[in-house]
Amino acid sequence: MSVVLTELHYLPSILYFQQLSEAEKLLLDAHEHYHKQTYRNRALILTAQGPQPLTVPVVDGARSEKIRTSEIEIDYRQNWMHRHFRTLQTAYGASPYFGYYADYLQDIYAQKPARLWELNLAFLQLLLRCLRWPLAIEFTTEYLAPASLPPAFLDRRDFLTPKNTLAGAEPDSPSQRPYPQVFGTAFVPGLSVLDLLFMQGPAAGQFL
């Protein structure tokens, strides 16, 4: 059985799902320490002004890297959920399938999960359903060192990072097939899978 081991991302990218396309199981690392300035709390979408990050604020960011990712709490002192959804609405409201999925996204935001892990997992499960991918998900019960992994495991932890994506320098990343986007004529890669989903709808899973 092929297993992809990786971390949870916020509204994961197309590349994130592409690396899962041949997997039989997704193993999420629940015991890693949190890393700042990564896709764990950041997603990239396309707006009229170009690519724009959506960032989920977390509590006590100064010492967050000493805390397990699964224990990181979301900072609700600012109304970031409303801002994120309105940004998505502004960017994709004219796309063919935004209205089809918007209520599902709003429902998750409205639940206000206490932890980033809970928020990201809820979005991942929703997106897998929208893509019609029946992928099994499990969680690590301890930290798994790379040298200890069985041959069937593909370690993709910290494989995708904002720095590399924006520079177009993802190592060994899957190629992205262009598709029509809401803004511009030049294809923009590295975006959240929402960009593809809002444009392709139920066909997005097959497109990947």
Side-chain angles (χ1 to χ4, degrees), residues 6-17 19 28-30 32-93 95 98 101-102 104-128 130 156-170 173 176 181-184 188-198:
T6 191
E7 70 275 4
L8 259 175
H9 287 187
Y10 173 57
L11 298 174
S13 68
I14 295 169
L15 293 173
Y16 185 96
F17 285 97
Q19 69 184 0
L28 294 171
D29 192 341
E32 59 153 12
H33 281 185
Y34 182 73
H35 297 179
K36 292 187 291 186
Q37 298 182 351
T38 66
Y39 287 125
R40 289 165 179 80
N41 71 324
R42 181 186 308 187
L44 198 64
I45 65 167
L46 185 61
T47 70
Q49 290 73 43
Q52 177 179 326
L54 298 178
T55 303
V56 179
V58 298
V59 175
D60 203 4
R63 57 184 293 268
S64 60
E65 292 192 355
K66 299 179 181 178
I67 303 173
R68 287 196 308 189
T69 297
S70 55
E71 297 173 351
I72 290 290
E73 295 181 359
I74 298 173
D75 187 349
Y76 284 105
R77 289 176 295 181
Q78 47 187 301
N79 194 8
W80 62 269
M81 309 90 68
H82 176 74
R83 186 170 66 252
H84 283 204
F85 186 77
R86 286 304 301 270
T87 302
L88 289 171
Q89 194 172 40
T90 301
Y92 296 109
S95 66
F98 176 79
Y101 300 109
Y104 298 108
L105 297 171
Q106 267 195 311
D107 286 346
I108 292 176
Y109 283 125
Q111 292 170 14
K112 297 182 69 172
R115 292 181 172 83
L116 181 64
W117 177 274
E118 297 163 357
L119 177 75
N120 289 353
L121 182 59
F123 277 127
L124 176 62
Q125 291 170 331
L126 169 64
L127 291 169
L128 285 171
C130 293
R156 282 295 183 259
R157 289 174 292 187
D158 288 311
F159 181 68
L160 302 171
T161 66
K163 182 178 179 181
N164 285 341
T165 297
L166 293 174
E170 287 295 357
S173 62
Q176 274 198 246
Q181 293 175 313
V182 177
F183 301 106
V188 179
L191 302 174
S192 166
V193 77
L194 287 179
D195 188 81
L196 174 65
L197 190 63
F198 292 151

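The one candidate from R40, K36, R42 that meets the side chain to side chain contact (heavy atoms under 4.5 Å, CB included) condition with T38 is R40.
The aromatic ring centres of F123 and Y109 sit less than 6.0 Å apart.
Heavy atoms only, all atoms of each residue included: A102 and F85 are closest at O-CE1, 3.6 Å. Here the closest non-hydrogen pair linking A91 and V182 is O-CG1, 3.7 Å. Contact record, G93 with F98: CA-CD2, 4.0 Å, taken as the closest heavy-atom pair.
In this structure, the separation between CD1 on I14 and CG on L44 is 10.5 Å, given to the nearest 0.5 Å. Taken from OG1 in T161 to NE2 in H35, the straight-line distance is 12.0 Å, to the nearest 0.5 Å. For the atom pair CG (L196) and CD (Q181), the distance works out to 9.0 Å, reported to the nearest 0.5 Å.
No more than 12 heavy atoms of other residues, nucleotides or ligands sit less than 6.0 Å from atom OH of Y104. The 12-atom threshold is exceeded at CZ of R83, counting heavy atoms of other residues, nucleotides or ligands nearer than 6.0 Å.
Without hydrogens or angle criteria, D29 side chain to E7 main chain gives no donor-acceptor distance under 3.5 Å. Listed for the S192 side chain is no donor-acceptor partner under 3.5 Å among the backbone atoms of D195. Checking side-chain atoms of Y39 against main-chain N and O of D158 turns up no donor-acceptor pair under 3.5 Å.
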